[in-house]
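These numbers come from a predicted model, not from an experiment. Position 1 is the first residue of the sequence, and the numbers go up from there.
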Amino acid sequence: ATMNYADQRGPMHEPQQQSEAEDGRVYGPQLGSASIPQRSAPWGERLAPALRLDARIATVALLACLFVVFSSPISSLAGDRATAPPPGPSDPIYSLEAVLNFALTRNPTVASAEGTIDQNRGQQVAAYTYLNPSVSANSGVGRMRDLGLFDPAVRERVTEFNLSVGQPIEWPSKRAARQRASEAGVAAASAGLAETQLNLVADVKVAFYDLLLAQRALILAQQNLATVEDVDKAVRTRVRLGESPQFEAIRSGVEVLKANQSLTRAANRVRVNRVMLDTLTAGSLGPMYAIDGQLHRVGPGFGIDILTERALTQHPTIVRLRKSVEQADHSLEFERQARVPNITIGGSYWREIGREAFTGGLTFPTPVWDRRQGEIISAFGSKRKGEAEFLRARNELIRNVSQHFQDAKTTADMIEVYEKGLLKQADEALRIAKFSFQQGASSLIEVLDAQRVQRQILLDYAQAQFDLSMSLALLERAVGGAL
C-alpha cells in the first residue's frame, strides 16, 4: 500500500530554476494546480520571524536526527538494502509437506529411534533362543600297573578317552517372563519411534510457521518502507516549494531511517528462521530458499473431551510408557523366577584300559547364598519408576491438551475480531489520512500515525495467525496426531 501522488493528483514535475524577487524571498518553480497538493496557507506568505523560529526548530531536529543515525547499529541506508536481499527467483520454494518429508526421512533423531527398535528386536531374538549344549572330550595313553604285569596277553599300553555332552534346560517360567519382557520392549521402542516422529512434526510445523510469519513481516516492512519513502519525497518537495516547514522534512527522514531499520531486522529474522528450519531437515533445504504456505485462521473443530480421551488412549507417549511399565513388570517376574537354577542334563562315554562305560547325569547349582535379592529389588524399583513416569505423562498430557485448546480457541476469536472490524477500520483510517493530507487538511504526523497504526494492526493480525497455527501444532502434539 504505497502513496502514489502521480496517480492521484497528476504527474510530478521536476523542480525548476528558482528565482529571487525584489523583497528578498525565494520562490519555487511555477507548477500547475494538479502537480502538488496545496495547503490552506502557503509557507511563502508567512512572516520572517516565523522563518527564523522554524530554522531554529529545524536545527534542533537535525541534531536529533544525526543522533538517531549515529546511535543506530545500521551504518547506512545503502548498507541496509544490501544486507537484506529477498530470495532470488532461482531459489527453491518448499511447501509444508515437502519440508515434513525431508525431516522425517533425514533427521538423525528418527534414525536413532529406529536403531532403538533394532536393539530391542535383537533382544527379542535372544530371548527366544535356546541355550547352547556343552561338549567335553578327553584322550590320553594309559599303562597297566597291576594285572598286565603277570599276564603276557594283556597289553601294557593303550589309548584311553572319554566324551561328555550336556544340555542346559532353562526354567520355563523364567524363559516365558524374559520373552514377554522382550516383546514389551519392542512395542515400547516402536511407540518411541512414533513419539519421535510426532515431536519432530510439531517442531517442523512451529519452525515453518515462524519462518512464514517472518517472511510476511519482511513483506510488510518493505511495503512500509516504500510508503514512507513516497511520503518523504512529497514532503521534501513541499519544503522546497515553501509550503511546509523544514522540520517536517527532517521528521520524514527519521521515519525513513526507522523503516530501514525495521526492514533489516525483519530480514535478519528470516535468515535466522531459515537456518532453524534447515537444521530440522538435516541441511536438506540449503542456505537460500523460501517457503509457501498459509497460517491457520480457524480453531479446532473437536471438543476438548474428545481430544483428551484420544490423547489418553492413543498418544505415542502413553503407549510407550505403558509398554515400558509392562516390560518392567515382566523383568521383575523374570528375576523372581531366576531363583530357580537352570538344570543341565548330560551323558558321557568312557573307554579306558579294561573298562568301557556309558553314564548320564543331572547338574544344577544350589541357591544357598545368592538368591537374587538385589536383582529383585532393582527390578521392583524400575517398575515403580515407570509407573510414576506414566502417571506424570498422563497428567501432563491432560494439562497440555486443555492449555493449547484454550489458546487456540482464544486466538481464533481474536482473528475473527480482526477480520470483522479492525483490518477494515485501519485501512479506512489510513485512506482518510492520505486523502486529507493531499487536500491540505491534515499534517504529516497524522499520516505517519495512521500508517504506523495500520502496519501494527497487520503485524498483530499475522502474529495472531501464527499463534493460532502454533497452538494447533502443539495441540496435535498433545493429542498424538493430526486433528
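- Classification of the Y461-Y418 ring pair by plane angle, with boundaries at 30° and 60°, yields tilted.
- No more than 12 heavy atoms of other residues, nucleotides or ligands lie within 6.0 Å of CD in E309, so this atom counts as exposed by the packing criterion.
- Under the 4.5 Å side-chain criterion, counting only non-hydrogen atoms from C-beta, F102 is not in contact with L280.
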(request) Let me see the working for N273 and L277 under side-chain contact (heavy atoms from CB on, under 4.5 Å), right down to the final yes or no. (result) CA-CA 6 Å; N273 291 338; L277 185 59; over 6 Å; no
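- The local environment of CZ in R394 is sparse, with at most 12 non-hydrogen atoms from other residues, nucleotides or ligands closer than 6.0 Å.
- Side chains of M276 and T279 form no contact here, defined as non-hydrogen atoms less than 4.5 Å apart.
- For the pair V201/L100, a side-chain contact is recorded, criterion being any heavy-atom separation below 4.5 Å from C-beta on.
- Contact check for Q223 versus L220: side-chain heavy atoms found under the 4.5 Å cut-off.
- Side-chain atoms of I457 and L423, non-hydrogen and from C-beta on, do get closer than 4.5 Å to each other.
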(message) For R431 and D427: C-alpha separation, side-chain torsions, deciding distance, then whether salt bridge (Lys or Arg N to Asp or Glu O under 4.0 Å) applies.
(response) CA-CA 6 Å; R431 187 190 65 80; D427 293 339; over 6 Å; no
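- When the shell of 6.0 Å around CZ of R384 is examined, it contains 12 or fewer heavy atoms from other residues, nucleotides or ligands.
- Using a 4.5 Å heavy-atom cutoff, the side chains of R399 and N395 are not in contact.
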(request) For the pair D467 and Q463, evaluate side-chain hydrogen bond (donor to acceptor under 3.5 Å, both in side chains) and give the outcome as yes or no after the intermediate values. (result) CA-CA 6 Å; D467 293 339; Q463 183 67 41; 3.1 Å; yes
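- The side-chain heavy atoms of T227 and R455, taken from C-beta on, include no pair separated by under 4.5 Å.
- Around atom CZ of F390, more than 12 heavy atoms belonging to other residues, nucleotides or ligands sit under 6.0 Å away.
- Within the 4.5 Å cutoff, the side chain of R274 has no heavy atoms near those of the D278 side chain.
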(message) As a quick check of understanding, evaluate salt bridge (Lys or Arg N to Asp or Glu O under 4.0 Å) for R180 and E183, giving each step before the final call.
(response) CA-CA 5 Å; R180 289 193 295 267; E183 293 173 355; over 6 Å; no
